[in-house]
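Shown next, in structure tokens, is the structure this report addresses.
Worth saying up front: this structure is predicted, and the values here are computed from it rather than measured.
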Amino acid sequence: MLWTAACVMLLCFGLIEGAAAQIIVPDTVTLNIRPQNTEEPGQAVSGAVYGCLQIGEITDWQGEDLRSTLNNAKAAEKLGLETGTPYTGEELQAAVQQTDWTELAGLGSSGNVKEMKATDQNGCSLVQLSSGVYLIFCRKVPQGYVVSEPFLMVLPVLTSWNGGTPVWETSVTAEPKLERESGGGDEDSCGTVALTKTFHGKPASDSSIYASVTFGLRDEEGNDIYGIRTSEGRYTAVSGQTGEKVFRVAPDGKLIIKKLKTGSYEFTELTTHESYQVLADPVQIQVTDATNAFTVDNKKKSFIPFTGGGGTGLVTLGGIFLVGLGILWIFAGTGRKKRRRKGMARHRSQSSFETSGGQRRQSDRRTSQNKKQQSRQGKK
């Protein structure tokens, strides 16, 4: 009986364990798209149309990290990911942000895109979707707005964990940003600048290095340019002093600013990674009615600077100091030689004097002895 009870307990425990590991995801989700006017948040934007393309499904979780697998080969290729491999939501979002949105926009022409109704007078549009991973495309915008970039959603949304069990939100609202066209309407000719940041001629080895890189932008009259950030490293220029005037580079090393009026501008690097030198001079660019791409490179910091600066003076002073030490050493050596020669001369002179004195004393003694001997002979 005890053995039977133990087996039943183990079996029950195994079933519970299996149930806890099993993925239970709601079948359907209600998605509400409510675009936001970036200049007047909360203002309803009616007449915008969005489309939804499913590219994957929720498959499992590890710890409390929900993971999804892509099943759309073209989407996986564009994102640089693999089909059949589980990815966290953060990994999928990072892949979308690092991919040129024009590449993803091409997927929006797929026949599998589920097109939603235009947003109503309240700025809302509802759609029923099965659970999964979706790319949401902006298909149409009302006059005076700019088509926004595609974005990714994992549906339903995991809100929390309750004793190891996921808690889902099955009625989800997305509020993509819609930018207005630059002031002046269609009379203004506008372009896009695409800045690529490198370090010593190469992309950063770690994407976190780009987090410290910021730029300022001014027009030919010296006025600061402001922009609305649509995603990391992506901005839309706006008229007036609204938005942000410090532009941050994305983790992919890109900084893209749209809707810039054609003309001359200068980028000033404000900050960069602590191991590199901030650009000393602004970068002059000419914006045309197209995409204007250029690269900004930083050099490693060094004791001897690559160009000018106070370090050059330090090197010069160091050289003068070394030359001075060399001259002092030469003079010191010459002085020592002169002192040795003088010492030797004094020694020779003293030796000669002592020698001649001794000879005179010996001669005087011999003369005295001769006189005494002659005197004794005379007496005899």
Side-chain angles (χ1 to χ4, degrees), residues 30-55 75 78 93 96-97 99-129 134-153 155 172-194 225-240 242-244 247 250 254 256-262 287 289-292:
T30 300
L31 176 63
N32 177 21
I33 296 286
R34 188 171 62 193
Q36 295 292 300
N37 180 348
T38 55
E39 295 184 9
E40 300 178 37
Q43 179 185 5
V45 180
S46 59
V49 178
Y50 289 84
C52 309
L53 173 65
Q54 185 174 1
I55 62 171
K78 298 286 185 184
Q93 291 285 4
V96 171
Q97 291 174 354
T99 304
D100 189 338
W101 74 274
T102 57
E103 292 287 329
L104 295 178
L107 297 171
S109 59
S110 167
N112 296 325
V113 175
K114 184 170 185 177
E115 191 156 318
M116 301 173 63
K117 293 181 178 180
T119 53
D120 58 22
Q121 60 183 2
N122 296 318
C124 298
S125 179
L126 298 175
V127 64
Q128 294 289 324
L129 299 172
Y134 287 85
L135 279 175
I136 313 296
F137 298 92
C138 182
R139 312 280 274 181
K140 180 181 177 183
V141 292
Q143 186 175 4
Y145 286 89
V146 180
V147 173
S148 60
E149 300 178 8
F151 59 95
L152 181 135
M153 296 195 72
L155 301 173
V172 181
T173 298
E175 297 183 334
K177 296 178 180 178
L178 280 183
E179 294 80 36
R180 283 194 176 277
E181 294 178 349
S182 297
D186 296 334
E187 295 180 0
D188 290 324
S189 180
C190 298
T192 299
V193 294
I225 301 300
Y226 289 75
I228 299 294
R229 189 169 73 93
T230 57
S231 61
E232 288 191 271
R234 273 63 171 171
Y235 297 83
T236 298
V238 293
S239 57
T242 59
E244 305 173 33
F247 299 93
K254 302 285 187 181
I256 298 175
I257 305 177
K258 301 178 181 179
K259 305 303 291 183
L260 278 171
K261 295 179 182 178
T262 56
V287 175
D289 58 353
T291 298
N292 307 269

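In this structure, the separation between CD1 on Ile136 and CG on Leu152 is 8.0 Å, given to the nearest 0.5 Å. Note that OG1 of Thr236 is 10.0 Å distant from CG of Leu178, once rounded to the nearest 0.5 Å. Atom-to-atom distance recorded for Leu155:CG and Tyr134:OH is 7.0 Å, nearest 0.5 angstrom. The distance from the CG atom of Asp289 to the OG1 atom of Thr192 is 10.0 Å, given to the nearest 0.5 Å. Once rounded to the nearest 0.5 Å, the distance linking CG of Asn112 with CD1 of Ile55 reads 12.0 Å.
A donor-acceptor contact shorter than 3.5 Å is absent between the side chain of Lys177 and the backbone of Ser148. In terms of modelled atom types and a separation under 3.5 Å, the side chain of Asn122 and the main chain of Cys124 share no donor-acceptor contact. With hydrogens and angles disregarded, a donor-acceptor distance shorter than 3.5 Å links the side chain of Thr119 to the backbone of Val45. A donor-acceptor contact shorter than 3.5 Å is absent between the side chain of Ser46 and the backbone of Gly123.
Taking every heavy atom of both residues into account, Pro150 and Val96 meet most closely at O-CG1, 4.5 Å. Between Cys52 and Leu129, the shortest heavy-atom distance links the atoms SG-CD1, 4.1 Å. When every heavy atom of Leu53 is checked against every heavy atom of Phe137, the shortest pair comes out as CB-CE1, 3.8 Å. Closest approach of Ile225 to Ala237, counting heavy atoms only: CG2-CB, 4.4 Å. Scanning all heavy atoms of the two residues, the minimum distance from Leu31 to Met116 falls at O-CE, 4.3 Å. Taking each heavy atom of Pro35 and Tyr50 in turn, the nearest pair found is CB-OH, 3.5 Å.
Considering only residues two or more places apart in sequence or on other chains, Arg139 meets the salt bridge (charged side-chain N to carboxylate O under 4.0 Å, His left out) condition with Glu115. Among residues two or more places apart in sequence or in another chain, the salt bridge (charged side-chain N to carboxylate O under 4.0 Å, His left out) test is passed with Glu232 by none. In this structure, the salt bridge (charged side-chain N to carboxylate O under 4.0 Å, His left out) partners of Glu175, at least two apart in sequence or on a different chain, are Arg34. Checked against salt bridge (charged side-chain N to carboxylate O under 4.0 Å, His left out), Lys78 has the following partners two or more places apart in sequence or in another chain: Glu103. Listed by chain and number, the residues in a side-chain hydrogen bond (donor to acceptor under 3.5 Å, both in side chains) with Gln121 amount to none (sequence neighbours excluded). Remark: Asn292 pairs with Thr288 by the side-chain hydrogen bond (donor to acceptor under 3.5 Å, both in side chains) rule, at least two apart or across chains.
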- Message: Test side chain to side chain contact (heavy atoms under 4.5 Å, CB included) on Lys259 and Glu179; report intermediate values, then the result.
- Response: CA-CA 10 Å; Lys259 305 303 291 183; Glu179 294 80 36; over 6 Å; no
- Item | Full working for side chain to side chain contact (heavy atoms under 4.5 Å, CB included) between Val141 and Val146 | CA-CA 7 Å; Val141 292; Val146 180; over 6 Å; no
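With contacts defined as side-chain heavy-atom distances shorter than 4.5 Å, the pair Pro176/Phe151 qualifies. Within the 4.5 Å cutoff, the side chain of Gln97 has no heavy atoms near those of the Arg234 side chain.
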